[in-house]
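Take a look at the structure below.
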Amino acid sequence: MRSANDTSAPIHLEFDDNLLLPPLFGEHDRHIARIEQLLGVSLSSRGNRVLIAGAPSRAVAARDALMALYGRLKRGHGVDLGDVDAAVRFAEAGERDGADLFGDGDLSIRTRKRVVGPRSANQALYLKTLRDQELVFALGPAGTGKTYLAVAMAVQMLTGGHVDRIILSRPAVEAGERLGFLPGDLREKVDPYLRPLYDALHDMLPGDQVVKRIAAGEIEIAPLAFMRGRTLANAFAILDEAQNTTPVQMKMFLTRLGENSRMVVTGDLSQVDLPQGTRSGLADALETLDGVSGIGVVRFDSRDVVRHRLVTQIVQAYDARDARERGQRRPPKGGT
């Protein structure tokens with residue numbers, strides 16, 4: 001592939017394998033259209049050549065995104081709209097290496113069912129932090145991969161023999177409904193709160209493996225209250241939705257960390273369901289542990305959302321609304 005050096009003029013790309021162009025461009029050129037939409041550029045193709053016109057920085061980002069996608073196809077993998085969105089995110093962040101982006105490089109996580117790679121610069125940082133630190137806090141809105149990537153890392157470490165078990169936990173906090181009024185026994189009451197953890201597991205392991213490992217105690221999925229009094233040695237423990245813990249609950253969970261263990265705490269401080277006036281244990285822990293060595297903190301934002309593109313816009317709209325409200329509550333300078 002060749003590209004022009006002068007980014008002030010339209011950028012010309014030439015591809016050396018015409019058979020890869022249909023999957024690169026997408027059905028009815030929908031991949032090309034998505035890049036145009038996301039970056040505000042114009043892409044026109046003729047034969048094995050693509051012309052990119054637009055603002056210099058945006059055109060360069062489009063070039064880098066196409067190069068990363070083409071490299072993925074040359075390595076024998078497919079390309080879908082999610083991959084296109086991810087390539088654009090990395091290109092905008094100045095990341096030009098498509099290997100790690102698509103799970104083909106050092107940051108890839110290999111489980112029994114899939115190979116998982118980062119789809120944003122912060123996700124790449126998150127995976128590096130998960131590998132380097134024994135305790136990691138991951139903060140940010142829904143859809144940024146906080147829990148999904150942590151579960152993938154946990155499964156890889158379990159199947160690779162690095163830990164003996166996985167502990168997945170959530171606080172069973174009522175969000176508009178009371179647990180006591182839900183039908184069924186205790187497990188039936190709390191399972192809906194734990195379902196996202198089951199879903200992530202089934203993405204990483206065959207269903208029979210999930211059932212077998214849960215039965216053998218290698219994978220445990222339980223409400224946070226079940227962690228009290230335990231020491232989690234040789235384990236990979238994940239506390240999800242940690243914004244809904246109290247400071248006492250958070251301290252209890254963090255002090256379960258045992259020898260040869262990893263712990264990941266995920267949460268979104270904009271989605272606290274605790275009673276009004278109750279301080280979030282996640283916010284309290286971040287403040288209390290600030291400056292403690294050996295702890296990794298990764299913060300995601302709306303740019304890292306890898307779900308439907310509307311989710312990104314929804315998160316941004318809520319963030320903008322919250323920012324306006326904070327500005328209105330701020331007392332005027334010189335006021336009493």
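Side chains included, hydrogens not; waters and symmetry mates left out as well; all remaining heavy atoms used.
With sequence neighbours left out, Q271 forms a side-chain contact (heavy atoms from CB on, under 4.5 Å) with Q243, D268. The side chain to side chain donor-acceptor pair (under 3.5 Å) test applied to D284 returns R279, not counting sequence neighbours. Residues satisfying the ring-ring contact (aromatic ring centres under 6.0 Å, His included) test with Y126, not counting sequence neighbours, are F300. Legend: residues meeting side chain to side chain donor-acceptor pair (under 3.5 Å) with E36, ordered by chain and number and at least two apart, are absent. Looking at residues two or more places apart in sequence or on another chain, you find a side chain to side chain donor-acceptor pair (under 3.5 Å) between E220 and R230.
Looking at T231, its side chain never comes within 3.5 Å of a backbone N or O of A233 through a donor-acceptor pair.
In this structure, CG on L66 lies 5.0 Å from CZ on F15, to the nearest 0.5 angstrom.
At a threshold of 4.0 Å, the pair E14-R49 counts as salt-bridged, since one of the basic side-chain nitrogens sits closer than that to a carboxylate oxygen. Look at D83 and R72 and you find a salt bridge, because one of the NZ, NE, NH1 or NH2 atoms lies within 4.0 Å of a carboxylate O, short of that distance. Salt bridge status for R262 with E134: absent, with no side-chain N to carboxylate O gap under 4.0 Å. With salt bridges taken as basic N to acidic carboxylate O contacts below 4.0 Å, none links K212 and E218.
Screening I52, L51, I32 against S44 for a side-chain contact (heavy atoms from CB on, under 4.5 Å) leaves a single residue, L51.
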- request: Determine, stepwise, if the pair S120 / D304 fulfils side-chain hydrogen bond (donor to acceptor under 3.5 Å, both in side chains).
  value: CA-CA 6 Å; S120 74; D304 301 300; 2.8 Å; yes
message: Working note: Q209 + R213, criterion side-chain hydrogen bond (donor to acceptor under 3.5 Å, both in side chains); need CA distance, chi angles, decisive distance, verdict.
response: CA-CA 6 Å; Q209 282 288 310; R213 290 179 184 272; 3.2 Å; yes
field: Pair Y198-D203, side-chain hydrogen bond (donor to acceptor under 3.5 Å, both in side chains): steps then yes or no
entry: CA-CA 9 Å; Y198 285 103; D203 264 6; over 6 Å; no
Could you pull out every donor-acceptor pair under 3.5 Å between side chains of residues 21-31 and any protein atom, sequence neighbours left out?
{"unit_1": "H31", "atom_1": "ND1", "unit_2": "P23", "atom_2": "O", "d": "3.2"}
{"unit_1": "H31", "atom_1": "ND1", "unit_2": "L24", "atom_2": "O", "d": "3.1"}
{"unit_1": "H31", "atom_1": "ND1", "unit_2": "G26", "atom_2": "N", "d": "3.4"}

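For the residue pair A91 and A61, the shortest heavy atom distance occurs at CB-O, 3.2 Å. Taking each heavy atom of I109 and L149 in turn, the nearest pair found is CD1-O, 4.0 Å.
When side chains are defined from C-beta on, D208 does not count as touching V210, because their heavy atoms never get closer than 4.5 Å.
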